[in-house]
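Quick note on labels: first sequence line is chain A, next is B, and so on, each numbered from 1. Only heavy atoms go into these numbers, but all of them, side chains included; no hydrogens, no water, no symmetry mates.
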Amino acid sequence: MHGQKYFDNCYHISLICVLGPAIETLTAGTRDHSRMTDAVDAEEIRHVADLARLRLDDEDVDTVVDHCGDILEHFERLEEVPEVDAEPELVNVMRADEIADSLDQDDALANAPETEDGRFKGPNVS
Amino acid sequence: MSLNAFITETTIQGAADGPLDGTTVAVKDNISTKGVPTTCGSKMLADYEPPYNATVVEDLLAAGGTIVGKTNMDEFGMGTTTETSYFGPTKNPVDETRVPGGSSGGSAAAVANGDADLALGSDTGGSVRAPAAYCGVVGLKPTYGLVSRYGLVAYANSLEQIGPIAPTVEGAAELLDVIAGPDEHDGTTRDAGADADYASAATGDVDGLTIGVPQELTDGADDRVVERFEAALADLRAEGATTVDVALPSCEYAVAAYYVIAMSEASSNLARFDGVRYGTGGGFDGNWNETFADARADGFGDEVTRRILLGTYALSAGYHDKYYKQAQEARAWVKQDFDETFADVDVVASPTMPVLPPKLGESLDDPVQMYLADANTTPANLANLPAISVPAGDADGLPVGVQLVGPKFGEETIINAAAAVEQ
């Protein structure tokens, strides 16, 4: 089965080069989605969703916490990365301001769901 | 469209003559086309029609190319299979039960199926190379700064480049010749590529070429993929190239570093989609914050939501040092590893994808699993380097791609080496 092969090989990759310290959370055949992860909880996810202005439905929160927990666990291996003494590549590039043509106002407003008097119309602030 | 490779089919006629005269080109649907829908594979932009052309679209048309449609893609480029599109998955023309790879899956499928002569994709962590490998065509991610990103709807600015997809190495190089070069609208472009002639580099003369093979990028790959890869290396040696083992220990952290950086940049870039200036919106009750939250939840799919949440998390107070700062350290380490390696070798070779194309529907339930498929492609984005995927035969009837990474602005070198693999 190609499908089974795909998963087997992905685990192989994960074991050798991705999870490292998190290896004990993997089982031999399938990933156990019912386990609780320490990486993030529902309260934190709701807080982040609030910061990102994304409404999360109650029934979706558990799945989001589970998936995000798996991913954050995977990210934790970045703690092993050594400090690198890299030469900064960034330089400031300055130029004089010059007046140039820009987007026509009608064009700029054309995709807005609502406009008023040549302006974007947004919702009430409070 | 049985493959669902296009979101919009249209005809945009180019100039009367030029190097692409008589050539049809498919354009990924996150590259702006004036007056033609540019959806990014998202419900959020289902009705969006850009008021201007991306620089690469102007380039294509000026070169005489004819745009035949806007291609399907993972929503905002976030995926490796083209299954996260709001407009449904694209099928792989080689085996319609399988994914075409992503996120530029529509572009690669259109070229592989003969629906367009050439295509443009965008590559943030492998999104040109992955679908090229899975569909059996050529895909090239240019050096960061070689091709203008003006008019590319941003996902992760510091990582992404627009790149060509073609049936042959020479075809990809010809399209790169058209789109490469500085652009006053993109401050990250460089002078390199202004007078490029990449097409003439596709000679396949590898006599004396030194090819580095990092074990980190072959260990753990599917045996059938490794077998094709080893056969391609043997062919290159027979043509006069030398292969040597190299070590890129940093690459074991590339997937994690890539996703932290890409998600963090995405959380900022996608803040603009609030349903006021463009995108779905309106009709929701409540104040500013509530209305935005409703419009965004309505417009974004699951994978985009997940990446915005995680990016916001990784940049939030208390977690920034643990995730974002460490990911930047890893990025610097990957760059350093490649710099040191290119002191000794001309190109670095690996399988493009560690696995054969998965079945449709097999990848979405476990995001970590899907992200791991990007293990070999993300290092080039982190290090800003050029990389090409070229077909290296089939395994069990499915295409296998070989990836060649070159030094900064070393496009000629990887195009030449890829032409040898192709032969």
Next item on the list: Work out which heavy atom in A:P113 is nearest to a heavy atom in B:G279; give both atom names and the distance.
Entry: CG-O, 3.4 Å

Item checked: Distance-only polar pair, side chains of A:R53 and B:N289, donor-acceptor under 3.5 Å -> yes

Margin query: Within a 6.0 Å radius of atom NE2 on B:H185, are there more than 12 heavy atoms belonging to other residues, nucleotides or ligands?
Written below: yes

Margin query: At a 4.5 Å cut-off on heavy atoms, which part of B:E329 comes close to chain A: side chain, backbone, both, or neither?
Written below: both

Notebook entry, point to check: B:Y324 versus chain A, heavy atoms under 4.5 Å apart: side chain, backbone, both or neither?
Noted result: neither

Note to self: Once rounded to the nearest 0.5 Å, what's the spacing between atom CZ of B:R277 and atom CD of A:E114?
What the structure shows: 15.0 Å

Check: Can you tell which of B:F292, B:Y323, B:F300 has the highest number of heavy-atom pairs within less than 4.5 Å of chain A?
Finding: B:Y323

Notebook entry, point to check: What part of A:L109 is in contact with chain B, defined as an atom under 4.5 angstrom from a non-hydrogen atom: side chain, backbone, both or neither?
Noted result: neither

Notebook entry, point to check: Who pairs with B:T378 by side chain to side chain donor-acceptor pair (under 3.5 Å), at least two apart in sequence or on another chain?
Noted result: none

Next item on the list: Among B:S316, B:G187, B:A256, single out the residue with the greatest number of heavy-atom pairs under 4.5 Å to chain A.
Entry: B:A256

Margin query: Please give me the minimum heavy-atom distance between B:V368 and A:H74, naming the atom from each residue.
Written below: CG1-ND1, 3.6 Å

Notebook entry, point to check: Side chain, backbone, both or neither: which part of B:D274 has a heavy atom under 4.5 Å from chain A?
Noted result: neither

Next item on the list: For the pair A:R55 and B:E290, find out whether any cationic side-chain nitrogen is under 4.0 Å from an anionic carboxylate oxygen.
Entry: no

Note to self: If you count heavy-atom pairs within less than 4.5 Å of chain B, which of A:P82, A:G122, A:A110, A:A49 leads?
What the structure shows: A:P82

Margin query: So for B:T305, is it side chain, backbone, both, or neither that comes closer than 4.5 Å to the heavy atoms of chain A?
Written below: both

Item checked: Residues of residues 95-106 of chain A with any heavy atom under 4.5 Å of a heavy atom in chain B -> A:L103

Next item on the list: Side chain from CB out, backbone as N, CA, C, O: work out which of these in A:D57 comes under 4.5 Å of a heavy atom of chain B, or both, or neither.
Entry: neither

Notebook entry, point to check: Based on non-hydrogen pairs under 4.5 Å, which of B:I308, B:D47, B:V260 is most in contact with chain A?
Noted result: B:V260

Next item on the list: Could you tell me which portion of B:M353 (side chain, backbone, both or neither) has an atom closer than 4.5 angstrom to a non-hydrogen atom of chain A?
Entry: neither

Margin query: Does B:K34, at its NZ atom, have more than 12 non-hydrogen atoms belonging to other residues, nucleotides or ligands within less than 6.0 Å?
Written below: no

Note to self: So, applying side chain to side chain contact (heavy atoms under 4.5 Å, CB included) with B:L309, which one of A:I71, A:V40, A:L51, A:V48 is it?
What the structure shows: A:V48

Next item on the list: Mind listing the closest non-hydrogen atom pair of A:H67 and B:D365 along with its distance?
Entry: NE2-O, 3.0 Å

Notebook entry, point to check: More than 12 foreign heavy atoms under 6.0 Å from CD of A:E59: is that the case here?
Noted result: yes

Check: What part of B:Y259 is in contact with chain A, defined as an atom under 4.5 angstrom from a non-hydrogen atom: side chain, backbone, both or neither?
Finding: both

Next item on the list: Mind listing the closest non-hydrogen atom pair of A:L72 and B:Y313 along with its distance?
Entry: CD1-CE2, 3.5 Å

Checklist line | Part of A:V125 lying under 4.5 Å from any heavy atom of chain B | finding: both

Check: How many angstroms lie between atom CZ of B:R306 and atom OG1 of A:T63, to the nearest 0.5 angstrom?
Finding: 9.5 Å

Item checked: Closest non-hydrogen atom pair, A:N111 against B:E49 -> ND2-O, 2.8 Å

Margin query: Less than 4.5 Å to any heavy atom of chain A: does that hold for the side chain of B:A271, its backbone, both, or neither?
Written below: neither

Next item on the list: With a 4.5 angstrom heavy-atom cut-off, could you sort out which part of A:A52 is near chain B: side chain, backbone, both or neither?
Entry: both

Check: Rounded to the nearest 0.5 Å, how far does OG1 of B:T312 lie from CG of A:L54?
Finding: 7.5 Å

Item checked: Closest non-hydrogen atom pair, B:V276 against A:K121 -> CG1-O, 3.9 Å

